[in-house]
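So the structure is just underneath, and the comments pick up after that.
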Amino acid sequence: TTKLIIDTDPGIDDAMAIFYAAAAPDIELLGLTTIFGNVTTKMATRNALRLLEAADLELPVAHGAEKPLVLPPFEPSAHVHGDEGFGDIPAADPKGQAVSEEAADFLIRMAREHKGELVVCPVGPLTNIALAVQRDPEFVKNCKRIVIMGGSLEAGGNITPHAEANIYHDPHAAEVVFAAAAGKVVMVGLDVTLKILCTPEDFDGIKERSPELGGMLKDMSVFYIKFYQEVANLNGCSLHDPAAVIACTHADLFQTRAVKLGVSVEEDTSGKTQLAEDGRGNTHVAMDVDAEAVKALFLKRLSLLP
Ligand code: BDR
Ligand code: CA
């Protein structure tokens, strides 16, 4: 099994990724760390706790950075994920609370304790991961892999013509992480996630087989799919964050290209992931995917949930 921590800004597709990880027999989820993005960090922590409670999982949630490394704080994307992160579903207060250790320190400690075994899967802006890299020069080395949902090499952006949202919201943090990549970082970005589409009918099936948790995802997906319908005229949503979690255990379903990757912080192309010239180590960028197989795995494993 893969020891996994998801760094997340839940978020509708984040919820899908977390429930997938809860169901997957080959994943041992060790905890969640939270970040702003789809919602504020405060809301992300609350939503992460709620999702774990719904899934009956008692795991640590570590509260993350509340603003980007360099950029000023920004407003979360309410039009994509709803005011509270779960579409039209009201986000009730959780019973539990976050651990006292902050996200970056939690990640550093877990990477030391599970040296060479821990996979970190960031599916939001990379601020916590950059802070871990800056605070502990051994952090990347201690991780088995860091599998990021974000960026794109050929597919263009989804928040600007150049940039994918997670990278755009903290490009300086992403640059820190890619500069430290050392062959350990995998980027699962729009080049592949846009190829994996889940339709309203797929979510009906999820709800049928898993009325409780699958039902929650179905209800959230309505808002998310409405957004995809409006901006891209698509009958479904991309499985962005679940694809990254699946790449943590099923690398064989993804075709990657090893490149030295950097991030633009120039005003007009800010957040664009691009080839870097300097001597940094490789990032493995997913360029193609067996989309049918990823989706089938997603549907099959969610049906294991109550
Ligand atoms: C990414 O941005 C967020 O809105 C999603 O949760 C996903 O992590 C897709 O660009
Ligand atoms: Ca996300």
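Whatever order the structure lists ligands and atoms in, that order sets their numbers, starting from 1.
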So does Ala17 have any N/O/S atom less than 3.0 Å away from the Ca ion (ligand 2)?
no
Min N/O separation Asp9 to ligand 1 under 3.5 Å:
no
Give the residue and atom name of whichever protein heavy atom lies nearest to atom 2 (O) of ligand 1, and the separation in Å to one decimal.
Asn166 OD1, 3.4 Å
Close N or O approach (Val80, ligand 1; < 3.5 Å):
no
So that I can check it, does any N, O or S atom in Asp13 come closer than 3.0 Å to the Ca ion (ligand 2)?
no
Do NZ/NE/NH1/NH2 and the carboxylate oxygens of Lys144 and Glu117 come within less than 4.0 Å?
no
Protein residue, atom and distance nearest to atom 6 (O) of ligand 1, heavy-atom basis:
Asp13 OD1, 2.5 Å
Between Asp9 atom OD1 and Asp14 atom OD2, the angle centred on the Ca ion (ligand 2) rounds (to 10°) to 60°
So, Glu53 and Arg50, do they make that salt bridge, N to O below 4.0 Å?
no
Nearest protein heavy atom to atom 4 (O) of ligand 1, by residue and atom, and its distance?
Asn38 OD1, 2.7 Å
Note: Arg109-Glu101 ion pair, threshold 4.0 Å (strictly below)
yes
Salt bridge between Asp26 and Arg301, side-chain N to carboxylate O under 4.0 Å?
yes
Which residue and atom name correspond to the protein heavy atom nearest atom 10 (O) of ligand 1, and how close is it?
Glu164 OE2, 2.4 Å
Rounded to the nearest 0.5 Å, how far does CG of Asp14 lie from OG1 of Thr34?
11.0 Å
Looking at the rings of Phe36 and His169, which for Trp means the six-membered one, are their centres under 6.0 Å apart?
no
Nearest protein heavy atom with distance in Å, relative to atom 8 (O) of ligand 1:
Asp241 OD1, 2.6 Å
Could you tell me, atom by atom, which parts of ligand 1 come under 4.0 Å of a heavy atom of Met149?
1 (C), 7 (C), 8 (O), 9 (C)
Quick check, are the ring centers of Phe227 and Phe223 under 6.0 angstrom apart?
no
Determine, step by step, whether Glu84 and Arg46 satisfy the salt bridge (charged side-chain N to carboxylate O under 4.0 Å, His left out) criterion, reporting the C-alpha distance in whole Å, the side-chain angles of both residues, the deciding distance to 0.1 Å, and the verdict.
CA-CA 10 Å; Glu84 304 200 67; Arg46 182 201 60 192; 3.2 Å; yes
Just let me know how Thr193 lines up against ligand 1, side chain, backbone, both or neither, with a heavy-atom cut-off below 4.0 Å.
neither
If you stand at the Ca ion (ligand 2) and look out to OD2 of Asp241 and O of Val123, what angle do those two lines make, to 10°?
100°
Location of contacts on Asp14 toward ligand 1, heavy atoms closer than 4.0 Å:
side chain
Relative to the ring of Tyr20, is the ring of Phe298 parallel (under 30°), tilted (30 to 60°) or perpendicular (over 60°)?
parallel
